[in-house]
Number of protein chains: 2
Amino acid sequence: MSEPKRIRIVAVDDHEVVRSGLRFSLMAFDDLELVGEAADGEEALRVCSEVQPDVVLMDMMMPRMGGAEATEALLRNHPEMKVIALTSFEEGTRVQEALQAGAIGYLLKDVGADELVRAIRAAHAGRATLSPEAARALAKAAIEPPELGQDLTKREREVLALLVEGKGNSEIAEVLNISHHTVRFHVSTILSKLNAANRAEAAALAVKHHLLD
Amino acid sequence: MSEPKRIRIVAVDDHEVVRSGLRFSLMAFDDLELVGEAADGEEALRVCSEVQPDVVLMDMMMPRMGGAEATEALLRNHPEMKVIALTSFEEGTRVQEALQAGAIGYLLKDVGADELVRAIRAAHAGRATLSPEAARALAKAAIEPPELGQDLTKREREVLALLVEGKGNSEIAEVLNISHHTVRFHVSTILSKLNAANRAEAAALAVKHHLLD
DNA sequence: CGAGAACCTAGACATTCGTACAGGTCGTAG
DNA sequence: CTACGACCTGTACGAATGTCTAGGTTCTCG
């Protein structure tokens, strides 16, 4: 054993090509050691439990279990691990999701190896790293929008989802096992919360702003 | 000079991490040589003109100039080059776009190095390679495709656009300077063409399928 | 020229929507 | 405990919606 403290890293990404890139990029640095890889969130949990890394590089867009969910689950069991979100796009919502899940860093995949390594060392030391794009997106998200539709209740979302599918009030009532009067009440509330003139606009807004899933 | 004919490759991707992955993955094969990299479509055109590669690995989702557009432009000037589309997701439309642009292969980024190399050699020999997912998506697209909403007339699209904004029939009538009876007629036609139960679903479908600009 | 497509208009009808008002239960945070 | 928010039910009423039928114009293409 040469150095007493190499930073142990796990790379999580569903794309083999990306994992290769990380693998070889990190190889050039003596103080870093890639000790595991995973292709989705579930696998990440298994691998991390086993190899106990210091830092986890986590892709956000993955099948099965998404990056945010995986990060949250991982940190619940291993609060000492540092997660850096690595992603392709700089949507404001994604950034917030990741940080809220407990990621200490957020980088775009177009970072160079050196910058990535800096972020890894920083994370290991407990310092956060945000890519400029992510920081900008975060700032923008913090300023402008009460983010349309964030104040919808769970029930209202259910109603909205059915509404988007073209269901009428009575159909919605049937599916949810409630009175059609109640449905109308919910729809009315939804319209005012979304500032929509009618259900057509509400449906359009729901899709446009990804209010469902 | 060892072998007379190494396959000359250019990698195009906006993510540095991915390019590293490709760079190191290809390094292990004697008959392959990575002779250039580019981070977007425009750069790809420049680089390829300069280094004259045999095969181009082209990401489809890039800023400035998308992969499909770049592929088309590239092949117009260099019809002898073989382009393999490399992408993150298997949307049917993307696959069609890529192939229509002239790509000879379509792979997901989760392919392993060996599979990638097989595809490169195949492309160089003029043989196509489709990932199973891509092939499936293509087949599905070929079967289903009346491509929802393609048969809408110009007027119907105008009506639909206003409908999405939450306008009522009379409002739409006013904007378009036609009778509200006519609007209702158009809406009725739209609903049947989109197979929607009501204007709410029609609005949702319009947004979901990008039926408007 | 004739056929067809796209577009427009209109009346009648049942249905659905959206709102306003007036209450009720339930669980939880103060 | 009390207040509050989310959720539920109901009545009543005017307005909007969707379908039907039955025409009309304008333009293009064979």
Side-chain angles (χ1 to χ4, degrees), chain A residues 72 100 145-213, chain B residues 145-213:
Chain A
E72 210 167 344
Q100 211 164 313
E147 208 55 70
L148 193 69
Q150 280 324 104
D151 53 345
L152 290 175
T153 67
K154 192 189 298 184
R155 200 52 152 176
E156 283 158 2
R157 272 170 219 277
E158 294 179 307
V159 172
L160 184 54
L162 294 167
L163 192 158
V164 162
E165 289 174 17
K167 300 246 194 300
N169 288 336
S170 334
E171 288 176 282
I172 297 176
E174 203 174 343
V175 175
L176 298 182
N177 271 314
I178 57 181
S179 151
H180 69 97
H181 293 105
T182 309
V183 175
R184 289 174 170 212
F185 168 76
H186 284 312
V187 171
S188 216
T189 314
I190 292 171
L191 294 189
S192 77
K193 282 188 181 177
L194 294 187
N195 221 318
N198 51 44
R199 47 176 58 214
E201 190 178 3
L205 289 174
V207 176
K208 231 180 266 185
H209 295 247
H210 309 103
L211 266 31
L212 319 169
D213 335 72
Chain B
E147 209 53 69
L148 194 67
Q150 281 325 103
D151 54 346
L152 290 176
T153 68
K154 191 189 300 185
R155 201 51 154 179
E156 284 158 359
R157 273 170 219 276
E158 295 180 304
V159 172
L160 185 54
L162 294 167
L163 193 159
V164 163
E165 290 174 16
K167 299 248 194 299
N169 287 336
S170 335
E171 287 177 283
I172 297 177
E174 202 176 344
V175 175
L176 299 181
N177 272 314
I178 56 181
S179 149
H180 70 98
H181 290 105
T182 309
V183 175
R184 302 215 276 183
F185 168 76
H186 284 313
V187 171
S188 213
T189 314
I190 291 171
L191 295 188
S192 78
K193 283 189 181 175
L194 294 187
N195 221 318
N198 51 43
R199 48 176 58 213
E201 189 178 5
L205 289 174
V207 176
K208 228 180 269 185
H209 294 248
H210 309 104
L211 265 32
L212 322 167
D213 338 322

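Reckoned from all heavy atoms, side chains included, excluding hydrogens, waters and symmetry mates. First the proteins, then the strands, lettered A, B, ... as listed; each starts at 1.
Lys193(A) has its NZ atom 14 Å from the P atom of dT19(C), to the nearest Å. One atom, CG of Asn198(A), and another, C1' of dT17(D), lie 10 Å apart when rounded to the nearest Å. Between the P atom of dA6(D) and the CG atom of Leu152(A) lies a distance of 11 Å, rounded to the nearest Å. Between Arg155(A) atom CZ and dT25(C) atom P the separation is 19 Å, expressed in whole Å. Put simply, NZ on Lys154(A) is 13 Å from C1' on dG27(C), counting in whole angstrom units. Across the protein-nucleic acid pair, Leu191(A) atom CG and dA20(C) atom P stand 11 Å apart, rounded to whole Å. For the pair Asp151(A) CG and dC7(D) P, the interatomic distance rounds to 12 Å; values are reported in whole Å. Leu163(A) has its CG atom 15 Å from the P atom of dT16(C), to the nearest Å.
Across all non-hydrogen atoms, the minimal contact from Arg199(A) to Ala200(B) is O-CB, 3.9 Å.
Side-chain atoms of Lys208(B) never come within 3.5 Å of backbone atoms of Val207(A) as a donor-acceptor pair (strictly under, hydrogens ignored).
Summarising the geometry, atom CG belonging to Leu176(B) is positioned 8.0 Å from atom NE2 belonging to His186(B); distances are rounded to the nearest 0.5 Å.
Under the side-chain contact (heavy atoms from CB on, under 4.5 Å) rule, Leu160(B) has a single partner from Ile172(B), Leu212(B), Val187(B), which is Leu212(B). A side-chain contact (heavy atoms from CB on, under 4.5 Å) with Leu152(A) holds for exactly one of Thr189(A), Leu194(A), Val159(A); it is Leu194(A).
Near DNA chain C, defined here as any heavy-atom distance below 4.0 Å, the residues from residues 167-190 of chain A are Gly168(A), Asn169(A), Arg184(A), Val187(A), Ser188(A), listed numerically.
Residues in residues 167-184 of chain A take part in these salt bridge (charged side-chain N to carboxylate O under 4.0 Å, His left out) pairs, two or more places apart or across chains: Glu165(A)-Lys167(A).
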